[in-house]
Amino acid sequence: MKKVKRLLKRLSQSGNKGVALLIDPEKGVNPRLHQVLDSPELDLILVGGSYCTGEGLEELLREIKRIVAKVPICIFPGSQGQVSQEADALLFLSLLSGRNPEYLIGHQVHAARQIHQSGLEVIPTAYILVNNGELLSVHSVSQTLPLLNTQVQLITDTALAGKFLGMQCFYLDAGSGSSVAVSQEVIFEVKSLVKSPLIVGGGLDSGQKVKMAFDAGADLVVLGNRVEKDPSFLEEILQIKTAYNFSLKAD
């Protein structure tokens, strides 16, 4: 069953909003998160990191599966080594915002055979890095520069190129630890053009930023850095999501 594609499609078509938690394999699962990880309000768990080589990935995935029963687990790969059939799905990312061939297609080619044999649900995803010029770990590892929030036409043209290449999902990422999130204008314009499931992450360190992303058209927001520092933040955002979706039904 195509759990994650179905989830993303449902969110995109219904207008309801979802929340995903990103777990870095190098940091593992905070014990304080165990109870909330299996919350029916959490839509997806992403596992991956810029510096992870794949070592310890399967062990971490098994640990998460012991904690959660119903939340699908999806690999968010930072390299060709981050593949495991212990997950439910994998975002097959192509870094369209950069021009480093290794992250456009190189790692993908090297991982393709293993992914094919794994039986993982594969989601072709246009990955676009956007912030105000901050250079973070994802930029260092990929050796690419982010597009700027002010470069709206370039960002939307990049997303359109991804659409014409057949990408089924779009991920706008400010980068883990970014002080600024992807702007509302960028989210709105990309969503308006591609009309496909849109994931937004990076810099979402407050409830207000999350609600602004929802308002602009994000279907699924990804939390990571702030939750690592303050696990209670995940519960706060799940409550915001529930209230937001309830207000949509009321309207």
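The shown structure was predicted, so the numbers you read here are calculated from the model rather than taken from an experiment.
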So, K17 side chain and A218 main chain: donor-acceptor pair closer than 3.5 Å or not?
yes
Look up atom CG in L95 and atom OG1 in T158, then write down how far apart they are to the nearest 0.5 Å.
10.5 Å
With the side chain counted from C-beta on, respond yes when V190 and L172 share a heavy-atom pair under 4.5 Å apart, and no when they do not.
yes
Distance col, row Q153:CD vs L147:CG, nearest 0.5 angstrom, shows 12.5 Å
Could you state whether I123 and F92 fall into the same hydrophobic cluster, counting links through intermediate Ile, Leu, Val, Met, Phe, Trp or Tyr residues with side-chain heavy atoms under 4.5 angstrom apart?
no
Salt-bridge contact E86-K65 (side-chain N to carboxylate O under 4.0 Å)
yes
Taking H110 for its side chain and H107 for its backbone only, find out whether a donor-acceptor pair lies under 3.5 Å.
no
Other residues, nucleotides, ligands: >12 heavy atoms within 6.0 Å of Y244 OH
yes
So which of D219, L220, D43 actually passes side-chain contact (heavy atoms from CB on, under 4.5 Å) with L8?
L220
Begin from the C-alpha positions of T156 and E189 and carry the test side chain to side chain donor-acceptor pair (under 3.5 Å) through to its verdict.
CA-CA 7 Å; T156 52; E189 294 295 339; over 6 Å; no
In this structure, CZ of F233 is separated from OG of S206 (nearest 0.5 Å) by 6.0 Å
Check: I155 and V182 side chains under 4.5 Å, non-hydrogen atoms:
no
Same hydrophobic cluster for L22 and V227, using side-chain heavy-atom links shorter than 4.5 Å among ILVMFWY?
no
Side chains of Y127 and V138: does their closest heavy-atom pair fall under 4.5 Å?
yes
Qualifying residue, where the test is side-chain contact (heavy atoms from CB on, under 4.5 Å) with N132 and the options are N149, T150, L148
N149
Applying side chain to side chain contact (heavy atoms under 4.5 Å, CB included) to F170 and K163, what does each step give before you reach the verdict?
CA-CA 9 Å; F170 295 79; K163 177 180 180 178; 3.9 Å; yes
Quick one: does any side-chain atom of S118 pair with a main-chain N or O of I115 as donor and acceptor, under 3.5 Å?
yes
Is the shortest heavy-atom distance from the side chain of D230 to the side chain of E236 under 4.5 Å?
no
Considering non-hydrogen atoms only, spot the tightest contact between A87 and I75 and give its length.
CB-CG1, 3.6 Å
Kindly say whether the aromatic ring centers of Y171 and F76 come within a distance under 6.0 Å.
yes
Check: K5 side chain, V122 main-chain N or O, donor-acceptor pair, under 3.5 Å
yes
Does the side chain of E63 reach to within under 4.5 Å of the side chain of I23, using non-hydrogen atoms?
no
Do you know which two heavy atoms are closest between G202 and A174, and how far apart they sit?
O-CB, 3.6 Å
Rounded to the nearest 0.5 Å, what's the gap from CG on L135 to OG1 on T144? Could you check?
9.0 Å
Would you say S84 and L90 make side-chain contact, with heavy atoms under 4.5 Å?
no
Quick one: CG on D38 to CD1 on I64, what's the gap to the nearest 0.5 Å?
12.0 Å
For a quick test of your reading: what N or O donor-acceptor pairs under 3.5 Å do the side chains of residues 25-37 make, sequence neighbours left out?
| unit_1 | atom_1 | unit_2 | atom_2 | d |
| --- | --- | --- | --- | --- |
| K27 | NZ | E228 | OE1 | 2.9 |
| N30 | OD1 | R32 | N | 2.9 |

Please confirm whether the backbone N or O of P231 pairs with a side-chain atom of E235, one donor and one acceptor, at under 3.5 Å?
no
Short question: side chain of Q82, backbone of G78 - any donor-acceptor pair under 3.5 Å?
yes
Check C74 against V4 and note the closest heavy-atom contact, atom names and distance.
CB-CG2, 4.5 Å
Whether D205 and K229 form a salt bridge (side-chain N of Lys/Arg under 4.0 Å from carboxylate O of Asp/Glu) is what I want to check.
no
Pairing residues for Q117 by the side chain to side chain contact (heavy atoms under 4.5 Å, CB included) criterion, not counting sequence neighbours
R113
Where do K195 and S192 come nearest, in terms of heavy atoms and distance?
NZ-O, 3.0 Å
Look only at the side chain of E41 and the backbone of Q239, and say whether a donor-acceptor pair between them is shorter than 3.5 Å.
no
Minimum heavy-atom distance V141-S50, with the two atoms named:
CG1-O, 3.6 Å
Would you say that C169 contacts I199 through its side chain, given a criterion of any heavy-atom pair below 4.5 Å between the two side chains?
yes
With sequence neighbours excluded, what pairs up with K9 under the salt bridge (Lys or Arg N to Asp or Glu O under 4.0 Å) test?
none
For L136 and N131, what are the C-alpha separation, side-chain angles and deciding distance, and is it a side chain to side chain contact (heavy atoms under 4.5 Å, CB included)?
CA-CA 10 Å; L136 305 163; N131 63 32; 4.3 Å; yes
Quick one: do L44 and L21 end up in the same hydrophobic cluster if we chain Ile, Leu, Val, Met, Phe, Trp and Tyr together by side-chain heavy atoms under 4.5 Å apart?
no
Looking only at atom types and distance, does a side-chain atom of E102 sit under 3.5 Å from a main-chain N or O of S142, one as donor and one as acceptor?
no
Contact between K191 and S12 at the side-chain level, heavy atoms closer than 4.5 Å - yes or no?
yes
CD on Q80 to OH on Y103, rounded to 0.5 Å
8.5 Å
Tell me, with the steps shown, if V47 and L57 meet side chain to side chain contact (heavy atoms under 4.5 Å, CB included).
CA-CA 8 Å; V47 179; L57 179 63; 3.7 Å; yes
With a 3.5 Å distance limit and no angle check, can you tell me whether S94 reaches the backbone of L96 through a side-chain donor-acceptor pair?
no
Residues S178 and E134: closest non-hydrogen pair is OG-OE1, 3.0 Å
Is there a path of hydrophobic side-chain contacts, each under 4.5 Å between heavy atoms of I, L, V, M, F, W or Y residues, that connects L204 with L129?
no
